[in-house]
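Report on the following structure.
By convention in this document, chain letters (A, B, ...) are assigned in the order of the sequence lines, proteins followed by strands, and residues within each chain are numbered from 1.
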There are 2 protein chains.
Amino acid sequence: MTADPDRAAQAALAALSSTRVAQTSSTAERVADALREQVVEGRLLPGVRLGEPAFCEAMRVSRNTLREAFSQLVAERILVREAHRGVFVATPGVTDVHDVYRSRRIVEPAAVRHGERARDEAAIARVRDAVDEGRSAAAAEDWAGVADANQHFHRALVSLAGSTRLDQQMDLLLAEMRLAFHRVGTHRDFHEPYLERNDAVAALVEQGELEKAALEVADYLADAEARIVASLTGAGP
Amino acid sequence: MTADPDRAAQAALAALSSTRVAQTSSTAERVADALREQVVEGRLLPGVRLGEPAFCEAMRVSRNTLREAFSQLVAERILVREAHRGVFVATPGVTDVHDVYRSRRIVEPAAVRHGERARDEAAIARVRDAVDEGRSAAAAEDWAGVADANQHFHRALVSLAGSTRLDQQMDLLLAEMRLAFHRVGTHRDFHEPYLERNDAVAALVEQGELEKAALEVADYLADAEARIVASLTGAGP
DNA sequence: ACGTGTCGGATCGTTGAACGACGTGTGGTG
DNA sequence: CACCACACGTCGTTCAACGATCCGACACGT
């Protein structure tokens with residue numbers, strides 16, 4: 001058969017249109033990404049004020065675009081804006097932690113138990129990958145890496161549901177919890193105990209024991225919440 | 001005992017600090033609310049373009065504040081923005097409907113089954129209220145009212161989880177589905193059959209039969225998705 | 001000395017205008 | 001009929017400016 005250029009071109013166009021190009025334009029979005037990274041990396045600690053003039057000059061953007069980036073991060077609950085006082089890095093309290101974990105205890109076990117991709121090899125592989133990522137980070141004593149891996153693990157769990165919108169919601173919740181972690185202190189001995197539990201959950205999912213896996217996840221989350229709340233109330237300034 | 005003014009004042013202060021003041025300011029937010037209402041009410045149909053100059057003049061706000069409102073609604077998936085072409089009312093496709101219902105099939109049954117408020121009288125009362133609201137709207141042949149009540153019903157179901165963040169996420173999903181409804185046509189015979197199913201779910205929840213209620217909700221959602229998809233693919237222009 | 005009222009500085013919220021960049025449609029040409 | 005160039009409209013971004021509001025400091029009266 002002849003290579004039909006027309007048809008080939010159409011196929012290429014279709015492929016491109018489906019694989020949305022990064023579209024990383026929109027300076028406001030890039031500014032938001034940069035700020036979010038600064039926050040989750042811990043370089044901008046909870047409670048600090050983000051003055052508009054200072055950040056405008058520091059990031060070489062106009063005040064309006066900075067405000068647009070701020071608005072996005074406020075919607076993500078990473079920043080909070082107080083009228084006529086400025087925007088601040090959010091400081092999640094015990095109320096917020098409770099609320100987030102109530103949400104996670106609903107979503108994560110259900111995604112494991114009833115997710116449409118809960119028996120999909122590729123989706124399960126991502127769970128296993130996150131576990132491995134955590135183990136190697138721990139072996140290298142890279143505790144920030146362990147925290148990252150833990151986040152990837154829970155995101156992989158939710159992705160078993162196969163819903164983009166649920167994945168995005170979980171990203172927001174996880175980013176918010178990173179803020180709470182910064183308040184409880186360094187993550188050295190906090191994330192370590194969960195390496196084994198992650199492994200156990202992954203193994204159950206791989207074996208198709210979804211009900212047991214879901215129960216383990218629920219127990220896991222209840223325990224994690226209790227520990228965070230304890231750290232938050234015990235180490236209050 | 002004497003009325004201790006000091007202690008009374010302290011109690012009042014504590015009460016005030018918990019009851020956050022409304023803080024309904026921010027014109028951009030009001031503009032976003034107005035636009036969102038126009039969209040979900042069906043006065044702005046999916047696909048129409050929202051030119052900035054026209055809406056600036058119509059709503060008597062500056063272009064920057066309008067853009068801020070647009071950004072918020074884009075984040076809520078009610079509008080979509082195409083670079084250098086403008087913002088449009090979102091037109092959810094079958095892919096979006098699938099994604100939303102995958103999310104709902106995870107969240108809603110789990111909220112009924114494992115929600116912390118699933119045996120809370122006040123929370124259950126809100127479910128029953130939504131059912132009654134739908135019945136009286138149907139009796140008055142107010143089908144838009146029936147659609148509203150249906151939305152309230154599912155929101156009440158999710159609120160059994162007791163998580164503010166989950167409630168907000170569900171509000172976004174429900175608003176997005178209203179857009180899809182506008183594409184399938186008038187809601188007369190679409191929402192009517194679900195009045196009985198809503199009633200059945202509410203009854204099961206009231207009886208504490210949470211497992212049965214969750215299963216019914218899951219089946220309910222699968223059926224609803226199938227009908228929407230059928231309408232969307234069958235009545236394609 | 002303590003609480004109260006007033007004042008000034010600083011910042012935010014909002015506006016209007018401006019310039020460059022990009023997509024779209026039109027019209028001419030082979 | 002297909003293809004290319006050009007002009008037009010719109011968005012993305014920036015800037016300067018004006019009120020509105022909040023915070024801190026100071027002076028005053030009790």
Side-chain angles (χ1 to χ4, degrees), chain A residues 4-10 12-13 16-17 20-35 44 47-75 78-91, chain B residues 5-6 8-10 12-13 16-17 20-35 44 47-75 78-91:
Chain A
D4 186 335
D6 229 20
R7 200 156 290 254
Q10 272 203 347
L13 286 179
L16 282 179
S17 74
R20 287 277 167 113
V21 71
Q23 275 289 54
T24 317
S25 59
S26 174
T27 48
E29 208 158 328
R30 259 172 304 165
V31 171
D33 290 344
L35 285 175
L44 283 173
V48 304
R49 196 172 81 87
L50 278 59
E52 292 187 0
F55 279 79
C56 282
E57 190 173 0
M59 315 193 77
R60 308 302 184 107
V61 294
S62 166
R63 198 161 145 238
N64 295 46
T65 51
L66 181 69
R67 286 173 62 77
E68 195 166 333
F70 278 172
S71 295
Q72 184 175 339
L73 295 176
V74 166
I78 289 176
L79 304 180
V80 295
R81 116 180 304 150
E82 300 186 15
H84 294 282
R85 285 192 11 93
V87 301
F88 303 78
V89 179
T91 68
Chain B
D6 230 20
Q10 272 201 346
L13 284 178
L16 281 178
S17 73
R20 288 274 169 115
V21 71
Q23 275 289 53
T24 316
S25 59
S26 175
T27 48
E29 207 158 330
R30 261 172 305 169
V31 171
D33 291 344
L35 284 174
L44 283 173
V48 305
R49 198 173 80 87
L50 277 59
E52 293 189 359
F55 279 78
C56 282
E57 191 173 0
M59 315 193 77
R60 308 304 185 107
V61 293
S62 167
R63 193 158 149 241
N64 293 25
T65 51
L66 181 71
R67 287 174 61 77
E68 195 168 332
F70 278 173
S71 295
Q72 183 175 339
L73 295 176
V74 166
I78 290 176
L79 305 179
V80 295
R81 112 180 306 150
E82 300 185 15
H84 295 282
R85 283 187 18 89
V87 300
F88 303 78
V89 179
T91 67

Minimum heavy-atom distance between [X] and [Y], given as atom pair plus value:
| X | Y | result |
| --- | --- | --- |
| B:Arg49 | B:Gly86 | NH1-CA, 4.3 Å |
| B:Val80 | B:Ala90 | CG1-CB, 4.0 Å |
| B:Val48 | B:Leu44 | CG2-CD2, 4.3 Å |
| B:Thr91 | B:Gly47 | CG2-N, 3.3 Å |

In this structure, how many angstroms lie between the [atom2] atom of [N] and the [atom1] atom of [X], rounded?
| X | N | atom1 | atom2 | result |
| --- | --- | --- | --- | --- |
| B:Arg67 | C:dT15 | CZ | C1' | 15 Å |
| B:Glu57 | C:dA17 | CD | P | 12 Å |
| A:Arg30 | D:dG12 | CZ | C1' | 11 Å |
| A:Glu82 | D:dC22 | CD | C1' | 11 Å |
| A:Met59 | D:dT13 | CE | P | 14 Å |
| B:Glu52 | C:dA17 | CD | C1' | 14 Å |
| B:Arg81 | D:dT13 | CZ | C1' | 12 Å |
| B:Arg60 | C:dT14 | CZ | C1' | 16 Å |

Choosing from [options], which nucleotide comes nearest the side chain of [X]?
| X | options | value |
| --- | --- | --- |
| A:Thr65 | D:dT13, C:dG23, C:dC12 | D:dT13 |
| A:Arg49 | C:dT24, C:dC12, D:dT14 | C:dC12 |
| A:His84 | C:dG23, D:dC15, D:dT21 | D:dT21 |
| A:Arg63 | D:dT14, C:dG13, D:dT13 | C:dG13 |

Under 4.0 Å: is that the gap between some side-chain N or O of B:Ser62 and OP1 or OP2 of C:dT14?
no

To the nearest 0.5 Å, tell me how far B:Leu35 CG sits from B:Leu66 CG.
6.5 Å

Upstream residue (5' side of DNA chain D) when B:Pro53 and A:Arg85 are each assigned their closest nucleotide
B:Pro53

